[in-house]
Student: 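Next up is a structure, given as C-alpha cells.
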Amino acid sequence: AQSVTQLDSQVPVFEEAPVELRCNYSSSVSVYLFWYVQYPNQGLQLLLKYLSGSTLVKGINGFEAEFNKSQTSFHLRKPSVHISDTAEYFCAVSDGTGGFKTIFGAGTRLFVKA
Amino acid sequence: GAVVSQHPSWVICKSGTSVKIECRSLDFQATTMFWYRQFPKQSLMLMATSNEGSKATYEQGVEKDKFLINHASLTLSTLTVTSAHPEDSSFYICSARVAGSGYEQYFGPGTRLTVT
C-alpha cells in the first residue's frame, strides 16, 4: 500500500527567503510523485511531477523537487518565495494501479510573511 | 489546457435530503474520474474511482449506498449524497484522467456542501 507523509503541517517563511517542504513516501513498487498547490476554496493545481528519468524536477512558479529513491523522499524547494506563494501544498503518490489512483499527504501550509 | 468543472460550486441543503454534484471534463474525454472529500484544513481523501460505463470502485470505509456515483459518459460523472446529514458537510473535489494519458489528471474547483 502507498502512503505519503508530509513532515511539516505549517511552514512560515519571510518573503524572498528559500523554502523546503518535506515529503516522504512509501510504496512497494515504482511510483509516480506529484506536488500540487491549493489556494483557498479552489481545486488543486499541479506544480510538478516525477515519472522517471532525471531526479531533479522543475515545475511552475519557480518550484523544483528532487526524487531520492534511497531516502524515499520528494522534497519541494523554491530559492526565493513571494507573498503569492502562500497556499496549501500537497505531496501525492501513485503507483499506476487502480486507474492511477493517487494518494495525498496531509498537506503543508506555506505562509509567506512580508 | 484541460478544464474540469463542478456544479454547483456550493450548496446548502437540509438534513435528510439528497444532493447531486456534477463533474464535467470540458475539453477532453475522461475514462476515469476520481471523487475526493476534503475536511477543513485537511488533505484530500479518495472516496471512489469512477470509470465510464461501469460501477465505481469505492475506498474502504466509504458507504456506496450513501455516496452514489454515476459515470454515464466520457465527460460527466455525478456524485449524489443521499439522505445527507450534517457530518456530510465537506468540500468535495473531483478529478478527471485524460483517456490514454496515463497519470495525467485534472482537478475541478470543488463543491462545498453544507448540511443544516
Student: Is B/Glu59 close to chain A through its backbone or its side chain, or both, or neither, when contacts mean heavy atoms under 4.5 Å?
Tutor: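 Just the side chain, heavy atoms under 4.5 Å.
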Student: Do you know which two heavy atoms are closest between B/Phe34 and A/Lys101, and how far apart they sit?
Tutor: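 Shortest heavy-atom contact: CE2-CA, 3.7 Å.
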Student: Please check if the number of heavy atoms outside B/Lys66 that lie under 6.0 Å from its NZ is greater than 12.
Tutor: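 Count over threshold, so yes.
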Student: Does the side chain of B/Leu46 come within less than 4.5 Å of A/Thr102's, by heavy atoms?
Tutor: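 The answer is no; the side chains never approach within 4.5 Å.
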Student: Tell me the closest heavy-atom pair linking B/Gln105 and A/Tyr36, and the distance in Å.
Tutor: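 B/Gln105 and A/Tyr36 have their closest heavy atoms at CG-OH, 4.0 Å.
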Student: For chain B, which residues from residues 48-57 of chain A have at least one heavy atom closer than 4.5 Å to it?
Tutor: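 Residues A/Lys49, A/Leu51 are the ones that qualify, each having a heavy atom under 4.5 Å from chain B.
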Student: Which value, rounded to the nearest 0.5 Å, describes the distance between B/Phe107 atom CZ and A/Leu46 atom CG?
Tutor: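 So the CZ of B/Phe107 and the CG of A/Leu46 are separated by 8.5 Å.
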Student: Give every residue pair that meets the disulfide (SG to SG under 2.5 Å) criterion with at least one member in residues 26-65 of chain A, sequence neighbours excluded.
Tutor: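 Counting only pairs at least two positions apart or across chains, no disulfide (SG to SG under 2.5 Å) contact touches residues 26-65 of chain A.
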Student: Counting only non-hydrogen atoms closer than 4.5 Å, does B/Leu44 touch chain A with its backbone (N, CA, C, O), its side chain (CB onward), both, or neither?
Tutor: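 Contact with chain A involves both backbone and side-chain atoms of B/Leu44.
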Student: Under 4.5 Å from any heavy atom of chain B, what part of A/Gln45 do you find: side chain, backbone, both or neither?
Tutor: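 Neither; nothing under 4.5 Å.
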Student: For residues 9-21 of chain B, which side-chain donor-acceptor pairs fall under 3.5 Å, sequence neighbours excluded?
Tutor:
{"residue": "B/Ser15", "atom": "OG", "partner": "B/Ala84", "partner atom": "O", "Å": "3.4"}
{"residue": "B/Thr17", "atom": "OG1", "partner": "B/Lys14", "partner atom": "O", "Å": "2.6"}
{"residue": "B/Ser18", "atom": "OG", "partner": "B/Ser83", "partner atom": "N", "Å": "3.4"}

Student: Taking heavy atoms only and a threshold strictly under 4.5 Å, list by residue number the residues of residues 106-114 of chain A that touch chain B; give 'none' if the list is empty.
Tutor: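 Within residues 106-114 of chain A, the residues under 4.5 Å from chain B are A/Ala106.
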Student: Count I, L, V, M, F, W, Y as connected when their side-chain heavy atoms are under 4.5 Å apart, and connections chain through other members. Are B/Tyr92 and B/Ile69 then in the same cluster?
Tutor: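 Linked, B/Tyr92 and B/Ile69 end up in one cluster.
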Student: What I'd like to find out is whether the side chain of A/Phe104 reaches to under 4.5 Å of the side chain of B/Gln38, using heavy atoms alone.
Tutor: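 No, side chains not in contact.
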Student: Could you see if A/Leu47 belongs to whatever hydrophobic cluster contains A/Val93? Use Ile, Leu, Val, Met, Phe, Trp, Tyr and a side-chain cutoff under 4.5 Å.
Tutor: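 Yes, one cluster joins them.
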Student: Under a single-linkage definition using a 4.5 Å side-chain heavy-atom cutoff for Ile, Leu, Val, Met, Phe, Trp and Tyr, are B/Leu113 and B/Trp35 assigned to the same hydrophobic cluster?
Tutor: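 Same hydrophobic cluster.
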Student: More than 12 non-hydrogen atoms from neighbouring residues, nucleotides or ligands closer than 6.0 Å to OH on A/Tyr32, yes or no?
Tutor: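 For A/Tyr32, atom OH is not crowded (no more than 12 foreign heavy atoms under 6.0 Å).
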Student: Nearest 0.5 Å, please: how far is CD in A/Glu88 from OG in B/Ser43?
Tutor: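 The CD atom of A/Glu88 is 8.5 Å from OG of B/Ser43, to the nearest 0.5 Å.
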Student: Under 4.5 Å between any side-chain heavy atoms of A/Ile103 and B/Met45, yes or no?
Tutor: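 They are not in side-chain contact.
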Student: Go through the atoms of A/Ser9 and report whether side chain, backbone, both or neither lie under 4.5 Å from a heavy atom of chain B.
Tutor: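 It is neither, since no heavy atom gets under 4.5 Å.
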Student: Is atom NE2 of B/His7 surrounded by more than 12 heavy atoms (other residues, nucleotides or ligands) closer than 6.0 Å?
Tutor: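 No - once you tally the heavy atoms of other residues, nucleotides and ligands closer than 6.0 Å, there are 12 at most.
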Student: A/Val4 and A/Leu44: same hydrophobic cluster, using ILVMFWY side-chain contacts below 4.5 Å?
Tutor: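 Looking at the clustering, A/Leu44 is in a separate group from A/Val4.
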Student: If Ile, Leu, Val, Met, Phe, Trp and Tyr residues are connected whenever their side-chain heavy atoms lie under 4.5 Å apart, and connections chain through other members, are B/Val81 and B/Val115 in the same group?
Tutor: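 Yes: a chain of side-chain contacts under 4.5 Å links B/Val81 to B/Val115.
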